[in-house]
Amino acid sequence: MKKEFYQGDSFWSDDSEYKRIDYPINDEIIKQAEVILGVKLPSSLLDLLKIRNGGGLNYPYFMLPDGDAESIPYGGRANIDSIDPIHFEDDDISILSSKELLKEVKLTGEFVVLWTDFHYWVVLDYRNRSQDPTVMYIAENFSASTNDTTEWEYIKIADTFDDFLKQLFRVPPLDPKQLKSSYSRKQ
């Protein structure tokens with residue numbers, strides 16, 4: 001599988017499937033958000049949010065380290081389809097919704113949610129720090145969870161958000177000219 005890694009250009013996707021509202025962003029909004037969250041957001045994340053305040057990603061994949069839980073794709077490809085915007089509206093998900101989202105599934109910790117589908121999470125991990133967070137992948141361990149409890153696996157993806165950006169990649173579409181002709185039907 002050929003991987004094209006993010007090199008600092010074209011981070012945000014223009015894919016029309018990701019419907020989003022364009023929320024304004026500026027330094028004052030960012031300062032207010034950091035006060036509410038009680039943390040300093042990574043400058044490279046803020047630079048990306050100033051280009052577009054959230055949305056789908058052109059480089060949505062990263063590799064998980066090796067591990068041993070069968071229900072988690074350890075050693076395999078995981079994804080972050082989008083990054084939530086920063087805004088103060090109550091009727092739409094935002095990075096500022098992190099505490100409520102985490103509380104809803106009984107996840108505890110000083111995390112800022114970048115993306116979730118409620119079974120898998122990509123978060124900035126601020127436990128024991130208020131700046132320079134690590135990037136964590138939190139995955140529901142389906143084999144250890146019960147009807148009454150949800151067990152979570154915490155997997156560090158990167159030491160910094162900058163390191164995380166270097167791990168993001170996309171898989172280019174297959175070129176039909178490069179496919180082997182030996183895949184034709186034999187009679």
**OP:** Among Tyr74, Trp115, Trp121, Phe62, find the one that has a ring pair (Phe, Tyr, Trp, His ring centres under 6.0 Å) with Tyr137.
**Re:** Phe62
Original post:
Would you say Val135 and Tyr59 are hydrophobically clustered, going by side-chain heavy atoms of ILVMFWY under 4.5 Å?
Top reply: yes
Original post:
Is a side-chain donor-acceptor pair under 3.5 Å present for Glu89 with Tyr23?
Top reply: no
Gap separating the [atom1] atom of [X] from the [atom2] atom of [Y], nearest 0.5 angstrom:
| X | Y | atom1 | atom2 | value |
| --- | --- | --- | --- | --- |
| Thr116 | Leu107 | OG1 | CG | 8.0 Å |
| Asp117 | Asp81 | CG | CG | 8.0 Å |
| Ser130 | Leu37 | OG | CG | 12.0 Å |
| Leu46 | Lys31 | CG | NZ | 12.0 Å |
| Phe169 | Phe5 | CZ | CZ | 6.0 Å |
| Ile155 | Tyr120 | CD1 | OH | 9.5 Å |

**OP:** Under the salt bridge (charged side-chain N to carboxylate O under 4.0 Å, His left out) rule, collect the residues that match up with Arg127, sequence neighbours excluded.
**Re:**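 Once residues adjacent in sequence are excluded, the partners of Arg127 under the salt bridge (charged side-chain N to carboxylate O under 4.0 Å, His left out) criterion are Asp125.
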**OP:** Look at the side chain of Asn53 and the backbone N and O of Ile86, then say whether any donor-acceptor pair between them is shorter than 3.5 Å.
**Re:**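 Here the side-chain-to-backbone pair exists.
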**OP:** Apply the test side-chain contact (heavy atoms from CB on, under 4.5 Å) to residues Leu49 and Ile95: give CA-CA distance (whole Å), side-chain angles for both, the deciding distance (0.1 Å), then the verdict.
**Re:** CA-CA 11 Å; Leu49 291 172; Ile95 286 177; 4.2 Å; yes
Any side-chain heavy atom of [X] within less than 4.5 Å of one from [Y]?
| X | Y | value |
| --- | --- | --- |
| Arg77 | Met63 | yes |
| Asp14 | Arg52 | yes |
| Ile93 | Val113 | no |
| Glu110 | Val39 | no |

Can you name the closest pair of heavy atoms from [X] and [Y] and give their distance?
| X | Y | value |
| --- | --- | --- |
| Lys50 | Ile30 | CE-CD1, 3.6 Å |
| Leu48 | Tyr6 | CD2-OH, 3.7 Å |
| Ser94 | Pro85 | OG-O, 3.2 Å |
| Glu34 | Leu41 | OE2-N, 2.9 Å |

Original post:
Could you give all pairs that pass the side-chain hydrogen bond (donor to acceptor under 3.5 Å, both in side chains) test and reach residues 155-166, with sequence neighbours left out?
Top reply: Ser44-Asp162, Lys156-Asp159, Thr160-Asp163
**OP:** Carefully, step by step, assess Leu114 and Leu45 under the rule side-chain contact (heavy atoms from CB on, under 4.5 Å).
**Re:** CA-CA 10 Å; Leu114 298 177; Leu45 172 62; 4.0 Å; yes
**OP:** Dump the intermediate steps for side-chain contact (heavy atoms from CB on, under 4.5 Å) on Ile80 and Leu168, then the final yes or no.
**Re:** CA-CA 9 Å; Ile80 175 171; Leu168 292 176; 4.0 Å; yes
Subject >> Derivation and outcome, side-chain contact (heavy atoms from CB on, under 4.5 Å), residues Arg170 and Asn58 >> reply: CA-CA 7 Å; Arg170 65 181 171 193; Asn58 273 327; 4.0 Å; yes
